[in-house]
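Accompanying notes for the structure given below.
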Protein chains: 2
Amino acid sequence: MSSTIKVLLAEDQSMVREALAALLGLEDDIEVVAQVARGDEVLPAAREHDIDVALLDIEMPGATGIEAAAVLHRELPAVKLVVLTTFGRPGYLRSAMEAGADAFLVKDAPAAQLAEAVRKVLAGERVIDPTLAAAALAEGANPLTDREREVLRAAEDGSTNAELAAALHLSQGTVRNYLSTAIQKLAVRNRAEAVRTAREKGWL
Amino acid sequence: MSSTIKVLLAEDQSMVREALAALLGLEDDIEVVAQVARGDEVLPAAREHDIDVALLDIEMPGATGIEAAAVLHRELPAVKLVVLTTFGRPGYLRSAMEAGADAFLVKDAPAAQLAEAVRKVLAGERVIDPTLAAAALAEGANPLTDREREVLRAAEDGSTNAELAAALHLSQGTVRNYLSTAIQKLAVRNRAEAVRTAREKGWL
DNA sequence: CTCGTCGTATGACATCTGTCATCCGGCAGT
DNA sequence: ACTGCCGGATGACAGATGTCATACGACGAG
């Protein structure tokens with residue numbers, strides 16, 4: 001091994017981030033050279049530190065790990081991307097791969113897989129949970145239009161049609177139409193279930 | 001230092017759990033002697049390993065960290081309890097303290113606080129984020145009755161009144177009454193918002 | 001014993017939500 | 001040029017939801 005693998009770690013929960021850093025620190029060939037807590041701090045930190053691999057949590061303020069991955073892929077294509085998430089949602093996997101991720105790990109996988117994944121992506125391999133990959137393929141693509149997603153996202157907190165209409169500059173009837181079509185596409189019975197299953201599939 | 005502090009670590013996400021173990025492993029005076037991934041495995045593991053401190057994540061299958069804390073407090077009162085959670089919900093803090101927790105940490109606190117908390121609880125101190133403590137006190141107690149909570153919990157996934165009535169062996173009208181009073185108590189405008197704010201406050 | 005609260009229930013009413021048909025303008029394929 | 005889809009809108013209707021008054025038995029506090 002010529003020199004250590006330089007890793008950027010992006011994860012918003014300090015305790016988890018520093019714990020993961022400690023875990024990776026146990027590996028002789030890996031060095032965590034930068035840590036950030038927000039998605040929008042990833043690119044600047046990556047530029048500053050000349051890293052080999054970026055380890056990105058999806059759920060972060062500022063920008064999601066997937067958005068950060070897309071930016072890194074465009075701006076620093078040599079950097080390998082490992083996306084890490086609590087939720088093994090097939091839609092997340094799909095978006096992550098589209099954003100140029102080289103590996104996709106869920107946090108309830110064994111810890112040993114983390115260092116493994118870092119080494120493998122650097123060797124040019126891709127690391128993906130086969131079960132999840134199958135699920136992502138089986139599920140098909142996101143059937144929702146942009147607007148439908150927007151309305152669903154806005155409806156998540158329990159806003160009424162009137163509030164949604166005001167917030168999105170739409171008529172109340174249009175809001176209901178979008179929700180109605182979304183409900184049908186998702187084969188559920190009301191907006192709450194629609195929001196739920198769309199989230200679950202990673203389609204929001 | 002007479003001997004090392006023996007810690008049980010309960011957290012369902014392997015990667016996080018093992019990372020936290022690695023973090024604690026860096027401390028000379030602390031030793032993680034047992035790890036479990038489910039709330040209902042806490043007591044047996046604690047019995048087997050003769051531990052000083054239990055570190056309990058709240059969000060776990062089997063039983064929540066708070067439930068596990070209550071059980072440990074009753075069965076092994078000598079064991080100190082550190083409750084750890086992603087969500088700094090005041091209601092969680094309240095329940096954790098009622099369950100006999102000695103420390104309450106949120107995962108986005110600095111990692112150093114974890115080892116600190118372990119040492120402090122062993123020394124008989126209590127460790128609580130002052131901001132969170134203030135919020136818990138300011139918020140007052142949970143105003144919802146048992147049944148209202150049950151119905152709200154059941155309504156979380158978007159079930160209709162008919163489904164809720166069937167699931168809870170109630171009449172449809174009664175379900176609506178409970179939801180109505182819950183909505184009023186929480187000062188919101190529909191069940192979705194009610195579920196949301198109740199969750200947020202840790203009242204479910 | 002009485003008062004308040006909880007769990008449960010009903011009926012009536014007003015409003016919100018979900019569905020459907022229908023329409024328009026824009027834009028991408030063929 | 002035609003077809004189809006998307007974004008946007010309206011109106012009508014049925015069904016779900018939220019509110020309110022009211023009722024009853026159980027139970028704990030006073």
Side-chain angles (χ1 to χ4, degrees), chain A residues 91 94-95 98 139-204, chain B residues 91 94-95 98 139-204:
Chain A
R94 182 182 291 267
S95 325
E98 283 167 8
E139 178 184 80
N142 188 338
L144 303 170
T145 69
D146 284 357
R147 285 317 235 177
E148 286 160 1
R149 275 204 305 282
E150 249 181 89
V151 176
L152 274 183
R153 243 180 284 125
E156 246 177 323
D157 61 1
S159 304
T160 67
N161 284 332
E163 290 167 334
L164 293 175
L168 300 169
H169 310 294
L170 291 173
S171 91
Q172 221 174 115
T174 305
V175 168
R176 283 197 285 165
N177 287 340
Y178 285 152
L179 286 172
S180 183
T181 58
I183 287 167
Q184 290 178 282
K185 284 180 180 176
L186 298 172
V188 293
R189 282 201 308 304
N190 55 49
R191 61 183 67 194
E193 283 189 356
V195 164
R196 196 166 193 280
T197 68
R199 265 267 165 256
E200 218 170 77
K201 303 224 179 191
W203 285 345
L204 288 193
Chain B
R94 181 182 293 267
S95 326
E98 283 167 10
E139 178 185 80
N142 189 337
L144 302 171
T145 69
D146 284 356
R147 284 316 236 179
E148 286 160 2
R149 274 205 305 284
E150 248 181 273
V151 176
L152 274 182
R153 243 180 285 125
E156 246 177 323
D157 60 2
S159 303
T160 67
N161 284 333
E163 290 167 334
L164 294 175
L168 300 169
H169 310 291
L170 291 174
S171 89
Q172 220 173 117
T174 304
V175 169
R176 285 197 285 167
N177 286 341
Y178 285 151
L179 286 171
S180 182
T181 57
I183 287 167
Q184 289 178 285
K185 284 179 180 176
L186 298 172
V188 293
R189 283 201 305 306
N190 55 49
R191 62 182 69 192
E193 281 190 356
V195 165
R196 196 168 194 278
T197 67
R199 265 268 165 254
E200 216 170 80
K201 303 226 180 190
W203 284 346
L204 289 193

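A, B, ... follow the sequence lines: proteins, then strands. Residue 1 opens every chain.
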Base D/dG18 paired with B/Arg176 side chain (donor-acceptor, <3.5 Å):
yes
Report yes or no: is there a donor-acceptor pair, N or O only, under 3.5 Å between the side chain of A/Asn177 and the base of C/dC20?
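Side chain to base: pair present.
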What's B/Thr160 touching, base or sugar-phosphate or nothing? Going by heavy atoms closer than 4.0 Å.
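Sugar-phosphate, backbone atoms only, no base.
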Sugar-phosphate, base or nothing in reach of B/Thr145, heavy atoms under 4.0 Å:
sugar-phosphate
Distance-only polar pair, side chains of A/Asn177 and A/Arg147, donor-acceptor under 3.5 Å
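No, A/Arg147 and A/Asn177 have no side-chain donor paired with an acceptor closer than 3.5 Å.
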Here's a test of your reading of the structure: between B/Leu170 and B/Pro143, which maps to the more 5' nucleotide of DNA chain C?
B/Pro143
Let me spell it out: for each of A/Gly158 and A/Gln184, pick the nucleotide of DNA chain C with the closest heavy atom. Which residue's pick is nearer the 5' end?
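Here A/Gly158 is the residue nearer the 5' end.
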Atom pair CG/CZ of A/Asp157 and B/Arg196 - distance to nearest 0.5 Å
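Going from the CG atom of A/Asp157 to the CZ atom of B/Arg196 covers 5.0 Å.
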[atom1] of [X] versus [atom2] of [N]: gap in Å, rounded?
X	N	atom1	atom2	result
A/Leu186	C/dG18	CG	P	13 Å
B/His169	C/dA9	NE2	P	11 Å
B/Lys185	C/dT5	NZ	P	10 Å
B/Glu148	C/dT5	CD	P	13 Å
A/Arg189	D/dG15	CZ	P	15 Å
B/Leu179	D/dA16	CG	P	15 Å
B/Tyr178	C/dC6	OH	P	10 Å
B/Arg147	C/dT8	CZ	P	4 Å

Smallest separation among heavy atoms of A/Gly158 and B/Asn190, with atom names:
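Closest pair (atom of A/Gly158, atom of B/Asn190, distance): O-ND2, 2.8 Å.
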Return no unless some side-chain N or O of A/Ser171 is found under 4.0 Å from OP1 or OP2 of D/dG8.
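So the side chain of A/Ser171 is outside the cut-off, no N or O lying under 4.0 Å from OP1 or OP2 of D/dG8.
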Looking only at side-chain N and O atoms, does B/Asn161 come under 4.0 Å of OP1 or OP2 in D/dA16?
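For B/Asn161, the contact criterion (side-chain N or O under 4.0 Å from OP1 or OP2 of D/dA16) is not met.
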So B/Lys201 and B/Leu186, do their side chains get closer than 4.5 Å, heavy atoms only?
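Of all side-chain heavy-atom pairs linking B/Lys201 with B/Leu186, none is under 4.5 Å.
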Under a 4.5 Å cut-off applied to non-hydrogen side-chain atoms, are A/Leu168 and A/Arg153 in contact?
no
Which nucleotide, D/dG18, C/dT19, D/dG8, lies nearest any side-chain atom of A/Ile183?
C/dT19
